Each structure stands twice: as C-alpha cells, then as structure tokens.
Amino acid sequence: MTRKNFEFLEVRREAPKERWAPERIEDFNEIQGNYSENKAKLQASRCLDCGNPYCQFQCPVQNYIPQWLKLVQQGRILEAAELSHQTNSLPEICGRVCPQDRLCEGSCTLDDDFGAVNIGAIEKYITDTAFEMGWEPQKPSIKPTGKTVAIIGAGPAGLACADILIQNGITPIVYDRYPQIGGLLSFGIPSFKLEKEVVEKRRKILEGMGVIFKLNTDIGRDIAFDDLYQNHDAVFIAVGTYNKVKASIPGENLAGVYQALDYLTNNNYYQMGLVDKKAHHNFYFERVVILGGGDTAMDCSRTAIRQEASSVYCAYRRHEKAMPGSYREVYKAKEEGVKFLWHHQPIEIIGKDKVEGVKFAKTELVQQENTGKMELKVIEDSEIIIPAERVVIAFGFKPNALSWLNDYQVKTDQSGRIIAKGANKHPFQTSDDKIFAGGDIRRGADLVVTAIFEGRSAAKSILNYLSA
Ligand SMILES: Cc1cc2nc3c(=O)[nH]c(=O)nc-3n(C[C@H](O)[C@H](O)[C@H](O)COP(=O)(O)OP(=O)(O)OC[C@H]3O[C@@H](n4cnc5c(N)ncnc54)[C@H](O)[C@@H]3O)c2cc1C
Ligand code: SF4
C-alpha cells in the first residue's frame with residue numbers, strides 16, 4: 001500500500017496532554033505528559049517526508065527526524081530509539097527542553113499553515129517508551145584501549161563527550177563540583193521542565209557503559225588541573241558559564257535581591273533534598289519582581305509562582321516580540337499567572353536595608369532621523385515604582401575566569417570564552433594540543449542541544465588526535 005502523505009490535512013497537530021495551569025503550579029513536577037501509542041503514531045504520520053528535511057538541517061545535532069518519525073508510525077520504537085541515539089546523546093532531554101519553535105519545528109514545512117509536526121514530544125516519547133520497555137543503548141563492543149580522557153564538567157557537553165569516547169574504547173573520567181551529574185540540567189533548569197529522575201536514569205546508563213564520575217570535586221580547588229593534565233591522554237574542558245551579568249543599577253546589593261542562577265540552583269537543591277527549609281530561598285507570600293526577558297527569567301517567574309509568591313511581575317525593557325526567550329515559555333508563564341511589564345527599564349532597586357521595590361522608566365521605540373533605524377529610548381518623566389520584597393536579576397551569564405589554566409597555552413577571547421578552533425586540524429582543540437574545550441565555555445551561554453553537539457564533536461576530534 002502506498003503511503004498517502006496527506007495525513008496532515010486530517011490530523012491536526014496535537015501536543016501530549018499538559019496539566020492545566022491551576023493544577024500544575026501546585027507542585028514542581030513536569031507539566032507535559034506523554035503520548036499514548038496511538039497518538040504518537042498518528043502525530044508521527046503527519047510528517048510529509050518532504051525530501052528536503054529542513055527540520056533535520058535546523059537541528060544542531062542533525063537528528064534523522066523523518067526516519068524516526070516513520071519508525072514510530074510503524075510502531076518500531078526500539079529501532080527508533082537506536083536511530084535517535086546515533087546522533088543525540090540525550091534525546092529524552094532535548095525532547096523536553098529544546099526550544100523547538102526556534103529549531104526543528106520552526107522549520108517544518110507544515111509550520112505556517114497546518115502546525116508543525118510535534119517533533120520534540122515524539123523524540124521524548126521514543127526514548128521514554130524504549131526505557132519503559134527495558135531497552136538501553138548498546139554497551140561498547142570495542143575493547144578498551146587503556147587510554148583515558150579527563151572531562152571537567154558533567155553538563156550536557158561533558159556527558160555527550162563521554163558518551164562518544166566510551167563507545168570508542170577510551171575511558172572518560174568526568175569531574176564535577178556538584179553532587180549530581182547534569183550541570184544546568186540538574187541545578188539550573190527547574191524540574192517542571194525536566195524532572196531530575198530523567199537525568200538520574202541517564203547517569204545509570206552512562207555508568208553502565210563504563211563512564212566514571214567523580215562528583216563533589218572542584219578542579220583547581222580539590223584537584224590541581226596539572227594532575228589531570230599529567231595523568232590522562234587528553235583533557236576536555238566543559239565547565240559552562242557561571243559569571244552572572246549584573247544589573248549595574250543602585251540597590252543591586254540590598255537584602256532580598258538574588259541572582260537568577262543562585263535562586264534556581266537553591267530551589268533545585270531544595271527539591272532534591274540537598275538543603276533544608278532554613279537555607280531555602282522561598283518567596284512564599286512575597287511580592288516578586290523578575291528583571292529580564294529570556295528563558296531564565298521565565299524559569300524564575302514560574303518558580304516564584306510555585307512558591308506561592310503573592311505577585312510575580314516580569315519586567316523587560318523592550319516589547320514582547322523582541323524577547324530573547326522562547327515564545328512558548330512566555331505563554332506558559334502567562335497561563336500560570338506571571339504579569340508582564342513590557343517596555344520597562346529598571347533604573348534603581350529601592351529600599352533602606354532591604355528591598356522595598358523597583359523603580360522603572362518606561363521606554364519606547366523611536367525612529368532615528370539620520371538612519372531610519374528604530375532605537376529604544378527612555379520616556380521622560382515616566383518613572384514608576386513597583387513594590388516588592390524580592391527581586392531576581394536574570395540578565396544572563398558570561399564565562400568565569402579559569403585561573404587554573406593560566407600556566408597553559410589556552411587562549412580566551414575578550415568575553416572569556418575558551419578559543420578552541422582546532423589548531424593542528426583537530427576541531428575543538430585549544431592551542432595546547434592535549435586540551436580540548438566545548439559547550440557554553442567555548443560558544444558562550446547557549447542551549448542544551450548545542451552543548452551536546454559540541455561535546456560529541458569534540459570527542460570525535462579527541463579520537464582522531466589520540467589515534468594520530
Ligand atoms: C536557568 C537556565 C535554564 C535553561 N533552560 C534551558 C532550556 O530550557 N533549554 C535549553 O536548550 N537550554 C537551556 N539553558 C541553557 C543550557 O542549560 C546550557 O546551554 C547548557 O547546560 C550548557 O552545557 P555545558 O555542558 O556547556 O555547561 P553546564 O550545563 O553549565 O555544565 C558545566 C558543568 O561544569 C561544572 N564545573 C564548572 N567548573 C568546574 C570545576 N572547576 N570543577 C569541576 N566542575 C566544574 C559545573 O558544576 C557544571 O556541572 C538554560 C540555562 C539556564 C541557566
Ligand atoms: S534535538 Fe532539539 S532541535 Fe533537534 S530534533 Fe530534537 S528537539 Fe528538535
């Protein structure tokens with residue numbers, strides 16, 4: 001029987017059931033459910049198999065999307081899981097947290113008129129279902145070479161690098177200062193987007209394959225970088241970016257002002273039982289203002305809502321359409337009760353010993369006379385104060401200075417990112433042949449899937465270097 005390929009006309013795009021807002025804000029559990037087998041088949045059948053899979057080109061790890069959609073449609077889940085793992089080390093995680101509207105789904109041929117194929121949800125469905133069926137990625141069949149690589153950072157870049165190395169007979173030893181693997185997957189991203197059991201499951205799989213984790217170990221403090229350099233065949237640096245961008249306005253140091261990542265990490269620690277109630281930054285019954293317009297600002301706003309803050313305002317200096325974050329996240333934040341202040345630029349956090357509010361000036365877009373370009377201008381005498389007991393600054397992250405690298409030939413650019421452009425023809429290699437780098441520390445704060453891409457690519461480059 002020939003396949004029709006017109007299913008998209010009869011079957012509308014349908015996401016897996018999402019818990020409705022009043023219910024989901026009561027806890028920190030994931031808000032999205034999974035497809036039933038029939039729904040997954042039906043949704044996968046919407047793929048046009050268009051021959052020019054823009055979705056695949058736009059996916060940073062170049063997933064074989066049309067191919068695994070076809071396998072799902074045919075009920076061949078284990079083959080779909082095998083195929084999905086050929087290009088992605090953490091598909092169940094990307095399916096949950098990728099901004100699909102800006103990546104694969106945003107470039108699906110059906111996106112504009114019929115609604116894109118629900119690629120992310122199906123990617124999650126494939127691995128979640130395969131795991132439920134007892135499937136696991138194959139154990140490495142290659143004999144260990146005896147070579148070892150030290151990986152600093154157990155975030156997505158470090159994990160993806162470890163995944164490829166172990167499959168090729170190289171033992172990765174992954175060091176992280178946190179007590180659990182995952183980096184921002186565990187300690188940044190809130191569990192209503194990604195439950196921590198998902199990361200724990202992946203840890204077991206990687207350990208089962210032979211990856212060694214050394215957690216609660218801060219390189220540069222607990223172990224000298226030189227020890228790793230001397231005792232391993234190569235080093236991969238995947239330490240992420242943890243230097244928080246300041247608001248640079250008066251009042252920033254008042255009690256009651258938090259940096260976004262400190263706030264989110266603390267709440268994740270609390271959810272994981274790693275800090276007690278006393279040390280928990282809980283905004284229960286407080287008036288909260290979040291400054292920023294990216295996905296991190298949305299995560300903070302939605303966390304404060306779940307902590308039962310009495311009000312949560314999220315303020316951004318430009319218009320809604322100019323927000324750097326994903327529209328999907330803004331929409332969910334609105335559903336959950338976050339109030340938005342567009343065109344509000346913070347100019348002072350006010351208060352004597354502790355925060356009492358935030359002073360904003362309103363802004364507008366004005367066309368420049370000479371160039372015709374639109375420019376953001378503060379409107380005179382437009383100042384207002386929004387009262388608040390808690391303020392969170394979510395203006396992004398830059399790389400930290402890595403003093404332990406000072407004695408090595410590793411160069412950084414003006415913003416502190418490690419330059420690893422592939423000296424001596426090995427991509428992701430720094431100017432020291434033995435040291436490679438990837439993920440946010442190389443490209444600047446970005447996405448889980450781009451960090452995975454960098455980790456996998458760096459591992460392939462390390463393999464070439466070690467076999468040269
Ligand atoms: C709040 C928040 C929400 C986000 N939400 C999303 C999202 O929904 N979707 C998305 O695609 N992206 C999201 N991102 C971005 C994404 O999480 C990052 O781009 C990605 O995690 C980067 O991966 P990485 O491996 O380079 O670094 P990280 O995930 O930051 O991991 C680096 C690891 O290195 C460890 N480390 C650092 N220094 C040392 C040292 N000296 N010794 C030992 N260990 C060290 C750290 O403890 C950490 O575990 C979010 C980011 C934040 C902050
Ligand atoms: S990894 Fe991300 S971008 Fe690629 S197919 Fe999956 S959800 Fe889409």
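The model shown is predicted, which means the values in this text are computed figures rather than measured ones. Basis for what follows: all heavy atoms, side chains included, without hydrogens, waters or symmetry-related copies. As the structure lists them, so they are numbered: ligands from 1, and atoms in each ligand from 1.
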Which ligand 2 atoms does Ile65 reach within 4.0 Å, using its non-hydrogen atoms? 5 (S)
Between Lys421 and Asp413, is the closest basic N to carboxylate O distance under 4.0 Å? no
If you take the nearest heavy atom of each of Leu264, Leu261, Ile151, which one is closest to atom 1 (C) of ligand 1? Leu264
Write out the residue and atom name of the closest protein heavy atom to atom 47 (O) of ligand 1, then the distance separating them to 0.1 Å. Asp176 OD1, 2.7 Å
Atom indices of ligand 1 within 4.0 angstrom of Ala238 heavy atoms, with elements: 32 (C), 33 (C), 34 (O)
Residue, atom name and distance, where the atom is the protein heavy atom closest to atom 6 (Fe) of ligand 2: Glu123 OE1, 2.1 Å
Going by heavy-atom distance to atom 27 (O) of ligand 1, choose the closest among Gly240, Ala154, Gly153. Gly240
Tell me the protein heavy atom at minimum distance from atom 8 (Fe) of ligand 2, and give that distance in Å. Cys104 SG, 2.3 Å
Heavy-atom nearest neighbour of atom 51 (C) of ligand 1 within options Leu159, Ile93, Leu184, Asp299: Leu184
Report, in ascending order of atom number, the atoms of ligand 2 lying under 4.0 Å from any heavy atom of Asn88. 1 (S)
With a 4.0 Å cut-off on heavy atoms, is Ala445 in contact with ligand 1? no
For ligand 2, which atoms, with element, lie under 4.0 Å from some heavy atom of Cys98? 1 (S), 2 (Fe), 7 (S)
Option nearest atom 26 (O) of ligand 1 (shortest heavy-atom distance, choices Asn268, Asp440, Ile219, Asp222): Asp440
Which option out of Gly155, Pro156, Cys94, Cys98 puts a heavy atom nearest to atom 23 (O) of ligand 1? Pro156
May I ask you to identify the nearest protein heavy atom to atom 5 (S) of ligand 2, giving residue, atom name and distance to one decimal place in Å? Asn63 ND2, 3.4 Å
Considering the heavy atoms of Leu103, write down every atom of ligand 2 situated less than 4.0 Å from one of them. 3 (S)
Considering Val174, Thr217, Asn216 one by one, which has a heavy atom nearer to atom 43 (C) of ligand 1 than any of the others? Thr217
Quick one: which of Asp295, Val97, Thr296, Asp446 has a heavy atom closest to atom 14 (N) of ligand 1? Asp446
For the residue pair Tyr269 and Phe187, does the interplanar ring angle fall in the parallel (under 30°), tilted (30 to 60°) or perpendicular (over 60°) class? tilted
Relative to the heavy atoms of Gly439, which atoms of ligand 1 are at a distance of less than 4.0 Å? 26 (O)
Does Cys59 bring an N, O or S atom to within less than 2.8 Å of atom 8 (Fe) of ligand 2? no
Cation-pi check for Tyr270 against Arg306: NZ or CZ below 6.0 Å from the six-membered ring centre and within 45 degrees of the axis, yes or no? no
Measuring from the heavy atoms of Phe187, does anything fall under 4.0 Å of ligand 1? no
At less than 2.8 Å, would any N/O/S atom of Cys94, backbone or side chain, sit next to atom 2 (Fe) of ligand 2? no
With a cut-off of 4.0 Å, which atoms of ligand 1 are near a heavy atom of Asp218? 40 (C), 41 (N), 42 (N)
